[in-house]
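What follows is a set of notes on a single structure, which appears directly below.
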4 protein chains.
Amino acid sequence: MQPKRELTFTEGARRAQIVKAAIETIAEVGYGGASFARIAKRAGLSSPGLISYHFADKDELIGEVVANVYGTGSEQIRLRADHPMSSAAALLAFVEGSVAFYDSHRVHMRALVQIIHGYPQARERWVDRANDAELDGIEQVLTRGQRDGEFRDDFVPRVVAVLIRDQLSGALQRLLTTPDLDVASYTRELVTFCRLAVENRDTSRSSDV
Amino acid sequence: MQPKRELTFTEGARRAQIVKAAIETIAEVGYGGASFARIAKRAGLSSPGLISYHFADKDELIGEVVANVYGTGSEQIRLRADHPMSSAAALLAFVEGSVAFYDSHRVHMRALVQIIHGYPQARERWVDRANDAELDGIEQVLTRGQRDGEFRDDFVPRVVAVLIRDQLSGALQRLLTTPDLDVASYTRELVTFCRLAVENRDTSRSSDV
Amino acid sequence: MQPKRELTFTEGARRAQIVKAAIETIAEVGYGGASFARIAKRAGLSSPGLISYHFADKDELIGEVVANVYGTGSEQIRLRADHPMSSAAALLAFVEGSVAFYDSHRVHMRALVQIIHGYPQARERWVDRANDAELDGIEQVLTRGQRDGEFRDDFVPRVVAVLIRDQLSGALQRLLTTPDLDVASYTRELVTFCRLAVENRDTSRSSDV
Amino acid sequence: MQPKRELTFTEGARRAQIVKAAIETIAEVGYGGASFARIAKRAGLSSPGLISYHFADKDELIGEVVANVYGTGSEQIRLRADHPMSSAAALLAFVEGSVAFYDSHRVHMRALVQIIHGYPQARERWVDRANDAELDGIEQVLTRGQRDGEFRDDFVPRVVAVLIRDQLSGALQRLLTTPDLDVASYTRELVTFCRLAVENRDTSRSSDV
DNA sequence: AATGAATGAGTGTTCATTCAT
DNA sequence: TATGAATGAACACTCATTCAT
């Protein structure tokens with residue numbers, strides 16, 4: 001988890017600058033188009049060689065980019081399964097928070113998506129773990145909701161967890177594709193969608209949430 | 001819309017052969033890895049130059065690939081809004097059919113997804129139009145369902161249409177990512193998801209679907 | 001032993017031209033200095049890329065260079081152990097022939113030496129086998145000569161074979177280092193050197209060679 | 001010949017440290033692979049720039065390396081032409097001593113050989129002079145031996161001197177190439193080789209060596 | 001005396017594309 | 001129609017060297 005050695009202040013700043021330029025470049029021209037030359041130009045560096053000076057190779061740079069994106073979002077949208085709110089509230093807050101994060105970090109998210117598609121190793125190296133953790137969180141909330149009678153008990157939690165996760169994937173794609181999307185109403189419908197899909201219609205029980 | 005000139009039979013066959021090889025290659029190694037050399041090798045051509053001979057440039061080849069993929073799927077999963085079935089049945093059949101198509105055409109769909117991410121221009125050039133048409137179809141069914149009282153009347157059809165479309169995007173991602181997915185149960189939950197989300201809960205009406 | 005596929009006439013000519021330029025370049029500036037750019041310039045090619053077009057990578061080019069050098073020399077200096085001459089005559093003819101070959105192929109030999117030192121894999125990949133074969137040949141002649149009483153019987157054939165082989169190495173170095181060496185007298189002394197070193201001084205026997 | 005300015009103690013130590021690391025690095029990865037970065041890492045320096053700080057350029061560093069290697073060996077294996085031993089004894093002691101030195105200084109010698117091949121200018125700049133001095137020494141001993149009747153008088157001293165020098169080259173190559181060589185028996189045969197090759201067969205004289 | 005950041009030329013290799021045959 | 005040879009720009013990455021601090 002710790003970097004191999006301490007970074008000087010200058011080095012840290014340069015790396016951050018390069019990572020930022022890499023994110024923007026990848027978001028704009030895709031992973032394949034994001035050459036060191038283009039990234040260097042965007043970062044205002046004199047030479048692509050400077051990137052190689054600060055990063056061992058392209059893989060390390062991309063790893064840093066991914067870490068940066070995940071690091072930015074990790075806490076803002078984490079599921080609060082331990083929170084004293086109802087399972088439904090926790091789930092819907094997660095969905096809403098995720099979309100809000102995607103919306104406010106479109107460039108970061110676009111870069112991440114581009115990397116996943118353009119650099120297949122990225123998935124197994126960095127992405128899968130984060131996705132699995134997210135899925136686990138959703139599954140736990142769903143299971144708790146079923147146990148408490150908030151949610152229908154006729155679905156398999158893991159399957160529905162995957163489904164919700166995929167819906168967020170779909171929402172992300174939309175956000176990246178449709179710049180002028182009415183995010184508010186989209187989010188409202190999405191949350192309703194999820195609520196209706198999982199809630200227990202047995203009114204005698206679902207009302208006491 | 002019309003090709004500049006008539007194609008001879010041989011020429012058409014060659015183009016089809018190249019397009020097929022391009023689809024397989026892109027699906028396998030991504031857009032970035034699908035060089036003319038690799039495509040030519042897979043197609044059994046003697047030289048990458050032959051591709052340039054039959055297609056003006058890479059853009060034209062990719063355009064043909066996209067057209068081919070859309071052409072393959074267009075009829076199999078078109079929404080039958082004019083069909084004498086209930087709106088709910090039509091919608092769910094569309095969702096189910098779409099996933100089934102994705103499942104049975106993973107190579108085509110993977111190529112399409114790779115192109116969208118690796119060649120950003122592809123979206124505005126070819127993809128957006130097809131997506132809009134699909135959205136229009138879904139919207140019409142939703143509107144009809146609301147009018148007929150099958151569906152809740154408290155959602156904006158276009159927004160929910162987008163939402164459903166995006167769910168299919170998410171499902172496609174899942175299919176391409178998880179080769180051994182239990183497609184049957186995934187589809188079942190997805191259809192249930194959509195049904196619960198749009199149906200009118202007023203039992204006196206929703207029961208006769 | 002056979003190339004993977006037939007080469008066209010043009011391709012064969014180009015490869016030969018490139019190999020020739022590579023040999024000259026390596027001989028002149030060493031393995032490390034022999035970049036594709038320099039080789040291409042010497043061969044009159046428009047771009048270093050053309051070398052990559054004809055050879056899979058630098059390793060293949062170097063392999064061809066080594067093969068070319070060995071191919072050129074293989075028959076001219078092979079030891080004729082089966083020849084109906086005395087062992088001493090065979091040995092000395094081999095020594096003399098080797099030096100003559102080195103002398104007349106200084107550029108080739110210089111390239112070979114440079115490769116051996118600049119590209120360590122070359123040794124185990126291509127060189128060791130040839131050297132071993134050469135050593136085996138010398139050893140056989142020495143053994144035969146001992147059996148027939150031509151040579152002293154108080155040396156271990158393999159050790160002296162190595163020694164003679166190394167003397168040829170030293171002679172090669174000299175040839176490459178001293179352009180105006182008096183090769184004739186050098187060779188004469190070298191042959192004498194070897195003869196005196198191995199011959200049996202028992203005059204009753206050594207006189208009838 | 002003189003350094004431009006006096007070196008401080010610290011500076012001298014640093015240069016020595018760098019030269020040592022350079023020798024080891026060159027011996028290990030060859031001249032081509034011995035970048036300032038690698039040398040600096042082996043020397044435990046913080047930056048390759050420090051090498052440039054202490055040496056004007058790579059040429060100066062290599063010059064120092066060569067000087068160091070020659071300096072190490074110069075006294076240990078110098079021919080003692082003025083020594084009160086027979087010429088044959090002096091010659092054979094020189095041969096034996098040279099091989100022993102090579103054997104005990106393989107790293108130094110390997111570095112030297114690598115430099116000679118990887119940096120062609122090295123020969124004329126530093127190596128040739130040393131070699132000529134060595135040759136002169138051998139030639140003197142040979143001449144003396146001929147005059148005294150110890151050696152055959154039918155060879156040209158300079159030519160045979162070159163020949164013996166070259167045999168040492170060959171022996172060095174062998175040592176560097178064959179790590180597990182039986183040095184003792186190799187040396188014994190080599191000495192015998194040389195003795196037989198130069199000694200005067202007139203038994204009345206050659207026996208009293 | 002030393003550091004670490006920076007530079008720009010150079011490395012082998014791949015690319016889409018062109019063109020004579 | 002098709003081939004295979006050729007082109008030159010681009011790729012990630014390494015190099016010896018410089019320089020402000």
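Below, read A as the first sequence line, B as the second, and so on, with proteins coming before strands; counting in each chain starts at 1.
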Check your understanding: Quick one: side chain to side chain contact (heavy atoms under 4.5 Å, CB included) partners of C:Arg14, sequence neighbours excluded?
Key -> C:Gln17, C:Leu45, C:Leu50, C:His54

Exercise for review: For E:dA5, take OP1 and OP2 only and decide whether either is under 4.0 Å from a side-chain N or O of A:Thr8.
Suggested key: yes

**Study point:** CZ (C:Arg129) with more than 12 external heavy atoms under 6.0 Å
**Key:** no

Exercise for review: Tell me whether the OP1 or OP2 atom of F:dA6 has a side-chain N or O from C:His54 closer than 4.0 Å.
Suggested key: yes

Check your understanding: So, is D:Arg14 near the phosphate of E:dA2, with a side-chain N or O under 4.0 Å from OP1 or OP2?
Key -> yes

Review point. How long is the line joining CG of A:Leu7 and P of E:dA5, in whole Å?
Key: 9 Å

Check your understanding: What pairs with B:Phe55 under ring-ring contact (aromatic ring centres under 6.0 Å, His included), at least two apart in sequence or on another chain?
Key -> none

Check your understanding: Under a cut-off of 3.5 Å for both distances of each Watson-Crick or G-U pair, what dot-bracket string does DNA chain F give, using [ ] for crossing pairs and | for inter-strand pairs?
Key -> .||||||||||||||||||||

Exercise for review: Return no unless some side-chain N or O of A:Arg38 is found under 4.0 Å from OP1 or OP2 of F:dA10.
Suggested key: no

Review point. For D:Asp59, what residues pass the salt bridge (Lys or Arg N to Asp or Glu O under 4.0 Å) criterion, not counting sequence neighbours?
Key: D:Arg125

Validation: residues 107-115 of chain D side-chain donor-acceptor distances under 3.5 Å, sequence neighbours left out:
| residue | atom | partner | partner atom | Å |
| --- | --- | --- | --- | --- |
| D:Arg110 | NH1 | D:Leu176 | O | 3.4 |
| D:Arg110 | NH2 | D:Leu176 | O | 3.1 |

Check your understanding: Can you tell me how far C1' of E:dG4 sits from NZ of D:Lys41, to the nearest Å?
Key -> 15 Å

Give each protein N/O atom lying under 3.5 Å from an N/O atom of nucleotides 16-18 of chain F, with the pair distance.
| residue | atom | partner | partner atom | Å |
| --- | --- | --- | --- | --- |
| F:dA16 | OP1 | D:Lys58 | NZ | 2.7 |
| F:dA16 | OP2 | D:Phe36 | N | 2.8 |
| F:dT17 | OP2 | D:Lys58 | N | 2.9 |

Review point. Roughly how far, to the nearest 0.5 Å, is the OG1 atom of A:Thr8 from the CZ atom of A:Arg15?
Key: 10.0 Å

Review point. Would you say C:Thr10 reaches F:dA5's phosphate, i.e. side-chain N/O to OP1/OP2 under 4.0 Å?
Key: no

Check your understanding: Separation of A:Glu11 atom CD from E:dT3 atom P, in whole Å?
Key -> 16 Å

Exercise for review: Using atom CD of C:Glu60 as one end and atom C1' of E:dG12 as the other, report the distance to the nearest whole Å.
Suggested key: 14 Å

Exercise for review: Could you state the atom-to-atom distance from CG of B:Leu61 to C1' of E:dC15 in whole Å?
Suggested key: 15 Å

Review point. Who are the ring-ring contact (aromatic ring centres under 6.0 Å, His included) partners of B:Tyr31, not counting sequence neighbours?
Key: B:Tyr119

Exercise for review: Please collect all ring-ring contact (aromatic ring centres under 6.0 Å, His included) contacts where either partner lies in residues 32-53 of chain B, sequence neighbours excluded, each pair once.
Suggested key: none

Review point. Which residue pairs pass the salt bridge (Lys or Arg N to Asp or Glu O under 4.0 Å) test with at least one member in residues 21-31 of chain B, sequence neighbours excluded?
Key: B:Lys20-B:Glu24, B:Glu24-B:Arg42, B:Glu28-B:Arg42

Check your understanding: Whole Å only: how far is the CG atom of D:Leu45 from the P atom of E:dA1?
Key -> 15 Å

